[in-house]
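Worksheet: one structure, shown below.
Bear in mind the structure is a predicted one, so any value in this text is a computation, not a measurement.
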Amino acid sequence: VQLQASGGGLVQAGGSLRLSCATSGLPRSTYAMGWFRQAPGKAREFVGAITWSGVSTNYADSVKGRFTASRANDKNVVYLQMNMLKPEDTAVYYCASSLRWSDSPHEYDFWGQGTLVTVSS
């Protein structure tokens with residue numbers, strides 16, 4: 001199983017970034033893909049999730065209306081479009097896969113390596 005996150009970088013507040021997570025070898029029973037983030041000195045937190053079918057999404061209140069998860073079915077890639085970025089969005093962002101529909105990192109089985117997003121004020 002491989003999850004490769006990319007697309008992070010430095011952006012000014014109010015700007016946008018799109019993160020990608022390329023997947024391979026995931027179990028057929030994979031139900032959802034999640035996005036999490038971890039800022040320095042803080043615990044890893046849920047950002048958003050999308051079912052593998054792409055039908056359902058869920059977001060943390062802090063990003064609702066600004067971030068959108070999607071999936072390119074033919075490429076086994078999931079995306080996180082991040083708009084109206086704020087300095088408090090600065091963190092390492094991870095993608096992960098789960099057999100369940102959950103916002104808990106403990107329910108996610110496979111993780112990508114993370115990509116750094118830095119939002120300057």
Side-chain angles (χ1 to χ4, degrees):
V1 176
Q2 287 190 330
L3 285 75
Q4 181 75 32
S6 62
L10 174 64
V11 64
Q12 288 187 332
S16 299
L17 282 174
R18 189 177 78 160
L19 306 183
S20 300
C21 178
T23 72
S24 64
L26 286 175
R28 287 180 176 270
S29 53
T30 296
Y31 188 79
M33 296 296 299
W35 288 96
F36 294 82
R37 66 187 182 188
Q38 188 165 19
K42 294 188 176 181
R44 191 167 297 189
E45 66 173 357
F46 173 76
V47 174
I50 183 168
T51 52
W52 190 246
S53 66
V55 171
S56 299
T57 55
N58 185 34
Y59 301 98
D61 287 344
S62 59
V63 306
K64 204 169 290 184
R66 301 188 297 123
F67 290 12
T68 303
S70 61
R71 184 190 163 214
N73 290 345
D74 59 339
K75 296 182 179 180
N76 287 335
V77 178
V78 293
Y79 301 99
L80 185 69
Q81 178 67 42
M82 306 186 297
N83 299 326
M84 296 182 288
L85 283 161
K86 304 175 181 180
E88 51 263 43
D89 295 319
T90 295
V92 176
Y93 283 70
Y94 300 88
C95 59
S97 66
S98 177
L99 305 180
R100 302 170 183 82
W101 186 236
S102 175
D103 60 4
S104 169
H106 302 292
E107 297 288 353
Y108 285 77
D109 308 296
F110 299 104
W111 291 79
Q113 84 288 2
T115 184
L116 177 62
V117 172
T118 304
V119 184
S120 63
S121 57

Check: Phe36 ring centre within less than 6.0 Å of Tyr94 ring centre: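 Centroid separation for Phe36 and Tyr94: 6.0 Å or greater.
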is_close_aromatic(Phe67, Trp35), centroid dist under 6.0 Å: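 So the answer is no for these two rings.
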Candidate pair Tyr93 and Arg37, rule side-chain hydrogen bond (donor to acceptor under 3.5 Å, both in side chains), full reasoning: CA-CA 4 Å; Tyr93 283 70; Arg37 66 187 182 188; 2.9 Å; yes
Check: Thr51 side chain, Ser56 main-chain N or O, donor-acceptor pair, under 3.5 Å: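 Between the backbone of Ser56 and the side chain of Thr51 there is a qualifying donor-acceptor contact (under 3.5 Å).
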Ala49 backbone acceptor or donor facing Thr57 side chain under 3.5 Å: no
Derivation of the side-chain contact (heavy atoms from CB on, under 4.5 Å) call for Tyr31 and Arg100: CA-CA 6 Å; Tyr31 188 79; Arg100 302 170 183 82; 5.8 Å; no
Can you find a heavy atom in the side chain of [X] that is under 4.5 Å from one in the side chain of [Y]?
X: Val92; Y: Thr115; value: no
X: Trp52; Y: Leu26; value: yes
X: Gln4; Y: Cys21; value: no
X: Val47; Y: Leu80; value: yes
X: Val11; Y: Thr118; value: no

Taking all atoms of both residues into account, what is the closest heavy-atom pair of [X] and [Y], and its distance?
X: Ala13; Y: Ser121; answer: CB-CA, 4.4 Å
X: Ala22; Y: Val77; answer: CA-CG2, 4.2 Å
X: Asn83; Y: Ser16; answer: OD1-OG, 2.9 Å
X: Val1; Y: Pro27; answer: CG2-CD, 4.4 Å
X: Trp101; Y: Ala32; answer: CE3-CB, 3.6 Å

Flag for Ser102-Ser104: side-chain donor and acceptor within less than 3.5 Å: no
Distance-only donor-acceptor check, side chains Thr23 and Asn76, under 3.5 Å: no
CG on Leu10 to CG on Leu116, rounded to 0.5 Å: 9.0 Å
Gln113, CD: over 12 other non-hydrogen atoms inside 6.0 angstrom: yes
Basic-acidic side-chain contact under 4.0 Å: Lys64, Asp61: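 Salt bridge between Lys64 and Asp61, a charged N being under 4.0 Å from a carboxylate O: yes.
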Criterion side-chain contact (heavy atoms from CB on, under 4.5 Å) on Met82 and Asp89, from CA distance to verdict: CA-CA 10 Å; Met82 306 186 297; Asp89 295 319; over 6 Å; no
In terms of hydrophobic clustering (I, L, V, M, F, W, Y; side-chain heavy atoms under 4.5 Å; direct or indirect links), are [X] and [Y] co-clustered?
X: Val78; Y: Leu99; result: no
X: Met33; Y: Val63; result: yes
X: Val119; Y: Tyr59; result: yes

Tyr79 and Ile50: CA distance, side-chain angles, deciding distance, side-chain contact (heavy atoms from CB on, under 4.5 Å) verdict: CA-CA 10 Å; Tyr79 301 99; Ile50 183 168; over 6 Å; no
Step-by-step side-chain contact (heavy atoms from CB on, under 4.5 Å) determination, Leu85 to Leu17: CA-CA 8 Å; Leu85 283 161; Leu17 282 174; 4.2 Å; yes
cation_pi(Arg44, Trp111) dist<6.0 Å, angle<=45: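 Judged by the rule (NZ or CZ under 6.0 Å from the ring centre, within 45° of its axis), Arg44 counts as positioned above Trp111.
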